[in-house]
Structure formats: C-alpha cells, structure tokens
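Read through the structure below, which is laid out as structure tokens, and then see the notes.
Being a predicted model, the structure only gives us computed values, none of them experimental. Values below: every heavy atom of this structure, side chains too, minus hydrogens, waters and symmetry copies.
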Number of protein chains: 2
Amino acid sequence: MPDHLQPVFRALGDPTRRDILRLLGQEPMTIAEVADNFDMTRAAVKKHLVVLSDGGLIEVAPRGREKVNSLNALALKPALEWIGWFDQFWDARLDALKTAIEKETTDDTGHNNG
Amino acid sequence: MPDHLQPVFRALGDPTRRDILRLLGQEPMTIAEVADNFDMTRAAVKKHLVVLSDGGLIEVAPRGREKVNSLNALALKPALEWIGWFDQFWDARLDALKTAIEKETTDDTGHNNG
DNA sequence: ATATTGAGATACCAAATGGTATCACTTATG
DNA sequence: CATAAGTGATACCATTTGGTATCTCAATAT
C-alpha cells in the first residue's frame with residue numbers, strides 16, 4: 001500500500017496547520033493574511049503552507065504580487081476514509097460482544113477456552 | 001480550542017504507526033509480535049507503541065511477562081469528526097460553483113475571466 | 001539455581017521539524 | 001526612476017523524531 005496519504009496525515013499532524021485549514025475554510029487568504037492570525041513570522045507560516053500544499057490540502061493562486069491560498073477540502077477525503085475503515089470496530093465491537101454472549105448461552109458443545 | 005486531539009493526529013502522522021493500527025485491528029499482539037511485522041528493532045516498535053498509547057489509540061494489558069497491545073479504535077472518533085467537519089465543502093463547493101455559474105449568466109457587469 | 005526470553009530504560013545518533021533572521025525578486029505606487 | 005509591499009529563498013538554530021545498541025529487570029523453562 002503506497003502511502004499516498006502520508007503527505008495528508010503529515011500535514012494534519014501539526015496544530016497550526018489544522019488551524020490554518022479551518023481558517024481557510026472561511027475564505028481564501030494571502031500568506032500575510034494567514035500570518036496575521038498566528039503568533040509567528042510570515043516565513044514560518046509559509047513553511048506550513050508548503051506542507052499543506054504538498055498534501056494537496058490547499059491551492060495557491062497568484063493574484064498580482066500576492067498569492068491567494070484556498071482550501072481544497074477534497075484532499076481530506078482519503079484521510080477520512082482511512083480512519084473510517086476503523087468504524088467497523090465502533091459498532092461491531094458491541095455487536096461482537098452481543099454475539100459472544102448469545103453464543104455462550106446457547107453453546108453446549110463442550111468447547112472450552114483453555 | 002484545547003488540542004486534545006493533537007496526540008491522535010500526531011500518532012497518525014507516521015506510516016509505521018498507521019500500519020500498526022491496521023495490524024492490531026486483526027488481533028491484539030505483544031510487542032515482539034508487532035515487531036515481527038516490521039523491519040526494525042523491537043525498541044523502535046516500542047517507541048511507536050508509546051506514541052500510539054499516548055494518543056489513546058491502543059490499550060496495553062500485561063499477561064505474564066508479556067504486554068498485549070490491543071486496538072482502541074474509539075479514540076479515532078474525534079479525529080474522524082474533526083476531518084468530517086470539512087465535508088460541508090465537498091458538496092457545498094459544487095453547489096457554490098453552480099451558484100457562481102448561474103450568477104455569471106445573469107451578471108452583465110462586464111467582469112471577464114481573462 | 002541457572003539459563004532464557006519478553007520487556008523497560010538509557011544513551012546515543014542522524015535526520016526532520018518548527019522556528020528566526022536576512023536577502024533577493026517582483027509588483028504596485030509615488 | 002525610486003520606493004514600498006508581498007512574496008520566495010536561503011542560512012542558521014534548537015528541539016523533536018525515528019532509529020540503533022546496550023544494559024537491566026522480571027518471568028518462564030530446564
């Protein structure tokens with residue numbers, strides 16, 4: 001399984017970057033505008049934007065001398081689906097428990113879990 | 001917003017750890033058993049297990065001199081929900097595009113996209 | 001009692017990460 | 001043209017990260 005979603009999870013691994021995504025969910029912003037919302041230099045924010053861009057989570061479009069960064073939420077879908085695979089355990093676990101209990105009450109084959 | 005889900009996303013940020021989660025989805029395993037599935041030392045695997053445990057993604061139970069690591073898929077739920085917030089854009093964007101197109105067809109202010 | 005085995009702890013290392021400061025480049029504006 | 005503003009690029013730094021090697025401790029087996 002080629003880890004094409006590694007860049008996505010990598011990007012999501014930093015709280016600042018997650019905040020940036022939320023921020024860009026409101027509206028597209030230039031680097032400077034994004035940086036205004038954080039207590040760090042523009043250069044640092046730019047680095048985060050590069051990581052986000054590597055993960056395909058944002059799109060960057062030039063507008064005059066500015067760069068407008070906009071959210072590409074669709075890139076989150078693979079990550080959502082990866083995690084979603086595990087939801088089989090959330091309900092399934094209760095289900096398995098129920099099944100196990102039922103099996104125990106009707107199981108007189110002599111099977112013993114030694 | 002206190003980043004209680006930072007440990008979760010942190011844990012998901014490494015491909016080995018994601019593989020471990022999948023692995024433990026099959027069945028609980030000791031450290032050595034997990035390590036058998038990877039090309040690295042037991043100590044390295046143990047470190048990953050600690051990170052996973054910090055994120056609440058696995059539970060560790062002693063069994064004799066062994067430690068059995070089992071998946072706690074429920075801890076993934078907050079991460080799934082965080083990402084899920086963005087699905088409003090998946091359909092909404094198409095919707096916005098549709099709206100924008102409709103607006104353009106009735107908008108004769110002279111705006112022109114190159 | 002003595003190996004043997006599974007795991008924890010520590011020290012150590014190279015590389016990646018998150019940040020700063022600084023300079024060069026490009027685009028607007030006087 | 002000169003200057004200012006927005007960005008890109010680079011060098012640099014401290015810390016974290018992912019890994020190894022090694023030692024000790026606890027539990028099992030002989």
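Nearest-nucleotide mapping onto DNA chain D: of A:Lys47 and A:Glu66, the residue sitting toward the 5' end is A:Glu66. Nearer to the 5' terminus of DNA chain C, by closest-nucleotide assignment, is the contact made by B:Val60 (compared with the other of A:Met40 and B:Val60).
Considering all non-hydrogen atoms of both residues, B:Asp54 and B:Pro7 come closest at O-CB, 3.8 Å. The nearest pair of heavy atoms linking A:Gly84 to B:Leu80 is N-CD1, 3.7 Å.
Between the CG atom of B:Asn69 and the P atom of C:dG6 there is a distance of 14 Å, given to the nearest Å. Straight-line distance from the CZ atom of B:Arg10 to the P atom of D:dT15: 17 Å, rounded to whole Å. In this entry the distance linking CG of A:Asp36 with P of D:dT7 reads 10 Å, nearest Å. For B:Arg18 and D:dG18, the CZ to P distance is 11 Å, given to the nearest whole Å. If you take CG of B:Leu49 and C1' of C:dA9, they are 16 Å apart, rounded to a whole angstrom. At whole-Å resolution of the value, CZ in B:Arg65 and C1' in C:dG6 are 6 Å apart. Computed from coordinates, the B:Phe9 CZ to D:dT17 P distance equals 17 Å when rounded to whole Å. Nucleotide D:dG19 holds its P atom 10 Å from the CZ atom of B:Phe38, rounded to whole Å.
For A:Arg17, a side-chain nitrogen or oxygen approaches OP1 or OP2 of C:dG18 to under 4.0 Å. Between C:dG8 and B:Lys46, a contact under 4.0 Å exists linking OP1 or OP2 to a side-chain N or O. The side chain of B:Thr30 places no N or O atom within less than 4.0 Å of a non-bridging phosphate oxygen (OP1 or OP2) of C:dG6. Under 4.0 angstrom from either OP1 or OP2 of C:dG6 there lies no side-chain N or O belonging to B:Lys67. Dashed line: the shortest gap from a side-chain N or O of B:Arg42 to OP1 or OP2 of C:dA9 is not under 4.0 Å. For the OP1/OP2 pair of D:dG6 and a distance below 4.0 Å, the side-chain nitrogens and oxygens of A:Arg63 include no atom meeting the criterion. In this model, the phosphate group of C:dT17 is not approached by any side-chain N or O of A:His48 to a distance below 4.0 Å at OP1 or OP2.
In this structure, the side chain of A:Arg17 engages the main chain of A:Arg10 through a donor-acceptor pair within 3.5 Å.
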- Item | Steps toward ring-ring contact (aromatic ring centres under 6.0 Å, His included) verdict (B:Phe86, B:Trp90) | CA-CA 7 Å; B:Phe86 288 90; B:Trp90 299 347; 8.7 Å; no

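Using a 4.0 Å heavy-atom criterion, one finds that B:Ala44 contacts the bases of the nucleic acid, with or without backbone contacts as well.
Here the side chains of B:Leu49 and B:Leu52 are in contact, with some heavy-atom distance below 4.5 Å.
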